[in-house]
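Some notes on the structure that comes next.
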Amino acid sequence: MDIKEPKVTKEIVQTLFQNQFQGAEVKFGFVSIPAGERLPKEGTGSHEEHEYSYIIRGALAGESGGKPYKINAGEASYIPAGEHHWCVNEGDSDCELIYALIKS
């Protein structure tokens, strides 16, 4: 399988809404990850928000906090703020997911 150059930009990541609540900021969005895409292309990434994701279509494999995982359509995941992680769409079609990023 060939890993494609990452395209994670405003082209495929859509923040559906963003709001601040007393003591927290919430971003909710949608991502369509093309077949063969690895995020990030090399190494790991992290962010200051807690990440909750729900896979609508497809599957992802990766590593979070040094532990391997696989997640399929109909499953949800949680990645704590600051935890290093990466994923790859090993399938033949796009993987679609919705996410919530929560910063408190």
Side-chain angles (χ1 to χ4, degrees):
M1 178 179 81
D2 292 331
I3 304 294
K4 296 179 180 178
E5 280 293 317
K7 298 178 188 170
V8 176
T9 62
K10 294 177 184 173
E11 300 161 11
I12 64 172
V13 177
Q14 301 173 34
T15 299
L16 301 178
F17 67 82
Q18 179 175 336
N19 204 346
Q20 288 190 343
F21 300 96
Q22 188 171 14
E25 180 180 334
V26 178
K27 295 177 185 174
F28 182 77
F30 171 82
V31 179
S32 181
I33 302 169
E37 188 86 17
R38 185 189 191 281
L39 307 174
K41 180 171 173 39
E42 297 177 354
T44 62
S46 68
H47 38 78
E48 57 188 11
E49 303 96 348
H50 296 282
E51 177 182 328
Y52 297 86
S53 297
Y54 179 79
I55 305 293
I56 299 167
R57 182 172 72 127
L60 293 172
E63 189 175 287
S64 185
K67 296 179 184 175
Y69 70 87
K70 288 194 176 195
I71 186 169
N72 299 299
E75 296 179 327
S77 69
Y78 166 70
I79 300 172
E83 185 165 286
H84 289 270
H85 57 284
W86 64 270
C87 68
V88 63
N89 178 353
E90 298 176 322
D92 296 328
S93 60
D94 292 355
C95 176
E96 297 179 346
L97 63 94
I98 54 174
Y99 68 86
L101 297 175
I102 302 172
K103 180 179 172 183
S104 56

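For the single chain, residues carry numbers from 1 onward in sequence order.
- From R57, atom CZ reaches atom CD of E96 across 4.0 Å, with rounding to the nearest 0.5 Å.
- Under a hydrophobic clustering in which Ile, Leu, Val, Met, Phe, Trp and Tyr are joined whenever their side-chain heavy atoms come within less than 4.5 Å, directly or via other members, W86 and I79 fall into different clusters.
- Residues G82 and S46 come closest through the heavy atom pair O-CB, 3.8 Å.
- Of all the heavy atoms in D94 and S32, the pair that sits closest is OD2-OG, 3.3 Å.
- Smallest separation of non-hydrogen atoms from A61 and E90: CB-OE1, 3.6 Å.
- Heavy-atom minimum distance, D92 versus A35: C-CB, 3.6 Å.
- Atoms SG and CG, on C87 and L39 in that order, are 4.5 Å from each other to the nearest 0.5 Å.
- Once rounded to the nearest 0.5 Å, the distance linking CD of E51 with CG of L101 reads 5.5 Å.
- In this structure a side-chain-to-backbone donor-acceptor pair under 3.5 Å is present from E75 to N72.
- For Y78, the ring-ring contact (aromatic ring centres under 6.0 Å, His included) partners two or more places apart in sequence, or in a different chain, are H50, Y52.
- Residues passing the ring-ring contact (aromatic ring centres under 6.0 Å, His included) test with H47, sequence neighbours excluded: H85.
- Here SG of C95 is found 11.5 Å from CD of E37. Values are rounded to the nearest 0.5 Å.
- In this structure, CG on L97 lies 11.5 Å from OH on Y54, to the nearest 0.5 angstrom.
- Smallest separation of non-hydrogen atoms from G43 and P40: O-CG, 3.9 Å.
- Between E63 and Y69, the shortest heavy-atom contact is N-CE2, 3.3 Å.
- Contact annotation: the side chain of N89 approaches that of L60 to within less than 4.5 Å [non-hydrogen atoms, C-beta and beyond].
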